[in-house]
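Please read the structure below before turning to the comments.
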Amino acid sequence: MITVIDLARPKFCKGQKVEFIGGLGTIIQCHPNSGYWSDLVEMEMGSEPDIGRIGYETTILLFETDITLPTDYSLAS
């Protein structure tokens, strides 16, 4: 028996700026995950700490339901 899971297209795309409960970030990748889409989000960097920085502070994996468009995002642009 073959089971087919029909996923709609992801709500967000690579490079898109998004907002979530932890702050703002950019979508890096979208992955199907148990019938839902999850997105790898690279958080925006804050001010540089005294010890310096090697790269981005945090990249996190979130379900699409935990992500929204930024409140200042305009559909016209």
Side-chain angles (χ1 to χ4, degrees):
M1 182 159 118
I2 298 174
T3 304
V4 176
I5 298 175
D6 184 25
L7 283 176
R9 289 182 11 184
K11 191 188 308 184
F12 304 103
C13 59
K14 184 176 180 179
Q16 189 171 13
K17 298 286 186 191
V18 293
E19 185 173 30
F20 54 96
I21 202 161
L24 298 172
T26 304
I27 301 290
I28 302 301
Q29 292 179 339
C30 301
H31 300 279
N33 186 353
S34 300
Y36 299 95
W37 286 99
S38 56
D39 300 294
L40 198 57
V41 179
E42 189 171 72
M43 294 178 69
E44 289 188 352
M45 287 194 271
S47 57
E48 186 166 343
D50 294 337
I51 59 171
R53 177 180 287 125
I54 295 172
Y56 282 92
E57 295 174 328
T58 306
T59 301
I60 56 176
L61 185 64
L62 297 169
F63 285 109
E64 273 194 348
T65 53
D66 297 325
I67 304 171
T68 62
L69 291 174
T71 52
D72 62 348
Y73 180 79
S74 170
L75 294 176
S77 46

_Pair Glu64-Tyr36, side-chain contact (heavy atoms from CB on, under 4.5 Å): steps then yes or no_ = CA-CA 8 Å; Glu64 273 194 348; Tyr36 299 95; over 6 Å; no
*Report the C-alpha separation of Leu40 and Thr59 in whole Å, then their side-chain angles, then the decisive distance to 0.1 Å, and conclude whether the side-chain contact (heavy atoms from CB on, under 4.5 Å) test is met.*
CA-CA 7 Å; Leu40 198 57; Thr59 301; 3.6 Å; yes
*asked:* If you apply the rule side-chain contact (heavy atoms from CB on, under 4.5 Å), what do you find for Arg9 with Trp37, and how did you get there?
replied: CA-CA 9 Å; Arg9 289 182 11 184; Trp37 286 99; 5.8 Å; no
Atom pair [atom1]/[atom2] of [X] and [Y] - distance to nearest 0.5 Å:
| X | Y | atom1 | atom2 | result |
| --- | --- | --- | --- | --- |
| Gln16 | Ile27 | CD | CD1 | 6.5 Å |
| Thr26 | Met43 | OG1 | CE | 11.0 Å |
| Lys11 | Thr65 | NZ | OG1 | 7.5 Å |

Contact between [X] and [Y] at the side-chain level, heavy atoms closer than 4.5 Å - yes or no?
| X | Y | value |
| --- | --- | --- |
| Val18 | Leu62 | no |
| Val41 | Ile28 | no |
| Ile60 | Phe20 | yes |

*Indicate the atoms forming the closest heavy-atom contact of Leu69 with Glu19, along with that distance.*
O-OE1, 3.6 Å
*Closest contact, heavy atoms only, Ser38 versus Leu61*: OG-CD1, 3.9 Å
